[in-house]
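Structure first, commentary second.
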Amino acid sequence: MAGNLIAPVKDGQIQQTESQASLAQSKAKKTGYDKDTFLQLLVAQVQNQDPLEPTSNTEWISQYATFSELEAMSNMSASFDLSRASTLVGKTVVLNTTNEAGKTITVQGKVDYVTYEGGQAYLSVNGSTYSMDDLYNIVDTEYMAAFDKVYDWSVKLNKLPAYENITYDDAEEVEGVWNEYDKMTDYEKSFVAKENADKIKKLHERIEELKKLHEGNEEENKPEETKPEEGNKPEETKPEEGNKPEETKPEEGKEPEESGKEEAAD
């Protein structure tokens, strides 16, 4: 209970925190009648009884038996509370505690650990200690995670422009919110309000339309490739028939002399 050693100060006076108020109320409830009180009353009754009409032993035994039953039931209830408190570790709880001004304060958080003192269990939540008597609700961890996730997503959704004001420049933000919604599980989507689900679907469809229009405008404004005209296509240069060099052929009566014979003649 180290967290209870710190308290805020206002106008020179120490203010009681929610945790301290919870512990004070728990101790006040605890100051009731117990076994010792019963024994003190029993002794006082014996000392002050009418000696002419004393209380019978049967009546004493009956009173003691009744008190023993009540004490057993009280101990059983306390044991049950201790056992239940230990199962709350790691779970998210909601506590309702009343401060010194009589105002009810709601505290929500995960139970870090449980301490036992004087037969009572105390929950450590958000670094402070609270009585089990202030326990109002127990929240499933998966439920709380899904609730927080959808809450953060709803905040992002509300920051987007209205449908009639949506432009192509908003595509990245809209697609980001849409992708988050699309990746949610069915359980998480059950936390999304119907109007919010319809809103993101309409915005997503509008962005898809704007993207197609944008792509179409880019195609229209894209410069065309320059192609040569068919009439101006350069013709391949071919040698003219008249200027084609004739192949040299030997005359019919003459045969080319072999080089070997010329060398021999010399």
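When a residue number appears, it is its place in the shown sequence, counting from 1. Given the structure is predicted, the values throughout are model-derived calculations rather than measurements. Computation of the quantities below employed the complete heavy-atom set of this structure, encompassing side-chain atoms and omitting hydrogens, waters and symmetry-equivalent molecules.
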Identify the two heavy atoms, one from [X] and one from [Y], that lie closest to each other, and give their separation to 0.1 Å.
X: Thr141; Y: Lys91; answer: OG1-CA, 4.3 Å
X: Tyr122; Y: Ser131; answer: CD2-CA, 3.9 Å
X: Ala85; Y: Met132; answer: CB-SD, 3.8 Å
X: Tyr113; Y: Val89; answer: CA-CG2, 4.3 Å
X: Asn126; Y: Gly109; answer: OD1-CA, 3.8 Å
X: Ile166; Y: Arg206; answer: CG2-CG, 3.1 Å

(message) For residues 151-164, which residue pairs pass the side chain to side chain donor-acceptor pair (under 3.5 Å) check, not counting sequence neighbours?
(response)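 Matches after skipping sequence neighbours: Lys156-Glu180.
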Can you name the residues that form a side-chain hydrogen bond (donor to acceptor under 3.5 Å, both in side chains) with [X], not counting sequence neighbours?
X: Thr104; value: none
X: Asp148; value: none
X: Asp170; value: Thr167
X: Glu175; value: Lys211

(request) Could I get the full list of side-chain contact (heavy atoms from CB on, under 4.5 Å) partners for Glu173, not counting sequence neighbours? (result)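 In terms of side-chain contact (heavy atoms from CB on, under 4.5 Å), with neighbours along the sequence ignored, Glu173 is linked to Leu160.
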(request) Among Ile200, Val150, Asn196, find the one that has a side-chain contact (heavy atoms from CB on, under 4.5 Å) with Tyr181. (result)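 Going through Ile200, Val150, Asn196 one by one, the side-chain contact (heavy atoms from CB on, under 4.5 Å) with Tyr181 is satisfied by Ile200 alone.
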(message) If the test is side-chain contact (heavy atoms from CB on, under 4.5 Å), which one of Ile105, Asp133, Thr106 qualifies with Asn96?
(response)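 Among Ile105, Asp133, Thr106, the one that satisfies the side-chain contact (heavy atoms from CB on, under 4.5 Å) with Asn96 is Thr106.
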(message) For a 4.5 angstrom cut-off between non-hydrogen side-chain atoms, does Leu95 reach Leu123?
(response)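 Side-chain contact under 4.5 Å: yes.
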Please list, chain by chain and in numerical order, all residues satisfying salt bridge (Lys or Arg N to Asp or Glu O under 4.0 Å) with [X], sequence neighbours excluded.
X: Asp186; value: none
X: Glu205; value: none
X: Lys149; value: Glu188
X: Lys194; value: Asp198

(request) Take Leu135 and Leu88 through the side chain to side chain contact (heavy atoms under 4.5 Å, CB included) test and state the conclusion after the steps. (result) CA-CA 11 Å; Leu135 181 62; Leu88 298 178; 3.9 Å; yes
(message) Once ring pair (Phe, Tyr, Trp, His ring centres under 6.0 Å) is applied, do any residues pair with Tyr168, and if so which ones, sequence neighbours excluded?
(response)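 His214.
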(message) Phe147: which residues meet the ring pair (Phe, Tyr, Trp, His ring centres under 6.0 Å) condition with it, sequence neighbours left out?
(response)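 In terms of ring pair (Phe, Tyr, Trp, His ring centres under 6.0 Å), with neighbours along the sequence ignored, Phe147 is linked to no residue.
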(request) Starting at OH of Tyr143, measure out to CD1 of Ile138 and round the result to the nearest 0.5 Å. (result)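 Reported to 0.5 Å precision, the distance equals 14.0 Å.
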(message) Please check if the number of heavy atoms outside Tyr136 that lie under 6.0 Å from its OH is greater than 12.
(response)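 Result for OH/Tyr136: open.
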(request) Following the transitive rule for hydrophobic clusters with a side-chain heavy-atom cut-off under 4.5 Å over Ile, Leu, Val, Met, Phe, Trp and Tyr, establish whether Val139 and Val107 coincide in one cluster. (result)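 Different clusters.
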(request) Flag yes if Tyr130 and Val114 sit in one hydrophobic cluster, no otherwise; membership is Ile, Leu, Val, Met, Phe, Trp, Tyr, and two members link when side-chain heavy atoms are under 4.5 Å apart. (result)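 Yes; tracing contacts between hydrophobic side chains, which count when under 4.5 Å, links both residues.
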(request) Give the C-alpha distance, both sets of side-chain angles, the deciding distance and a yes or no for side chain to side chain contact (heavy atoms under 4.5 Å, CB included) between Lys110 and Met144. (result) CA-CA 10 Å; Lys110 186 176 70 173; Met144 204 65 214; over 6 Å; no
